[in-house]
Amino acid sequence: LIKMKRSDITNKEVCKAVEQCQKEWDKLPYKILAEKFGCNKKLASSACKRAERDGLIGCGIYLRTCWLTEKGKQILIKL
């Protein structure tokens with residue numbers, strides 16, 4: 001069994017999850033990441049907080065209401 005680290009979830013993956021949440025309001029970014037990577041929600045939430053700290057997403061009070069910043073949108077454009 002491989003133990004995942006926060007660094008295994010890239011900021012690009014977090015931005016993709018946030019973009020998906022904006023299309024599907026019943027989804028949360030950390031839940032999408034937890035399902036995709038098979039990790040616990042705490043680890044996925046930590047990756048989201050890192051992306052916020054790096055200026056890629058904004059979330060106000062809750063991750064439920066997060067959005068991509070211009071910097072985060074640029075990461076997705078480079079895909």
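Only heavy atoms go into these numbers, but all of them, side chains included; no hydrogens, no water, no symmetry mates.
Closest approach of Glu52 to Cys59, counting heavy atoms only: OE2-SG, 3.2 Å. Val18 and Trp67 make their closest contact through CG1-C, 3.9 Å (heavy atoms, listed as atom of the first residue, atom of the second, distance). Of all heavy-atom pairs between Ala44 and Ile9, the closest is CA-CD1, 4.1 Å.
Partners of Ala17 under the side-chain contact (heavy atoms from CB on, under 4.5 Å) rule, at least two apart in sequence or in another chain, are Pro29, Ile32, Leu33. Remark: Lys31 engages no residue in a salt bridge (charged side-chain N to carboxylate O under 4.0 Å, His left out) (not counting sequence neighbours). A search for salt bridge (charged side-chain N to carboxylate O under 4.0 Å, His left out) contacts involving Lys73 returns Glu70, not counting sequence neighbours. Scored by the salt bridge (charged side-chain N to carboxylate O under 4.0 Å, His left out) test, Glu24 finds no partners at all (sequence neighbours excluded).
To the nearest 0.5 angstrom, Cys39 atom SG is 11.0 Å from Lys3 atom NZ. Distance check: Gln22 CD to Thr65 OG1 gives 10.5 Å after rounding to the nearest 0.5 Å. Between atom SG of residue Cys66 and atom CG of residue Leu28 there is a gap of 8.0 Å, rounded to the nearest 0.5 Å.
Side-chain contact check for Leu68 versus Leu76: some heavy-atom pair is nearer than 4.5 Å.
For the side chain to side chain contact (heavy atoms under 4.5 Å, CB included) with Lys71, the qualifying choice from Asn11, Ile57, Leu56 is Leu56, the only one to do so.
Listed for the Arg6 side chain is no donor-acceptor partner under 3.5 Å among the backbone atoms of Arg50.
Applying the side chain to side chain donor-acceptor pair (under 3.5 Å) test to every pair with at least one member in residues 34-45, sequence neighbours left out, gives these pairs: Glu13-Lys36.
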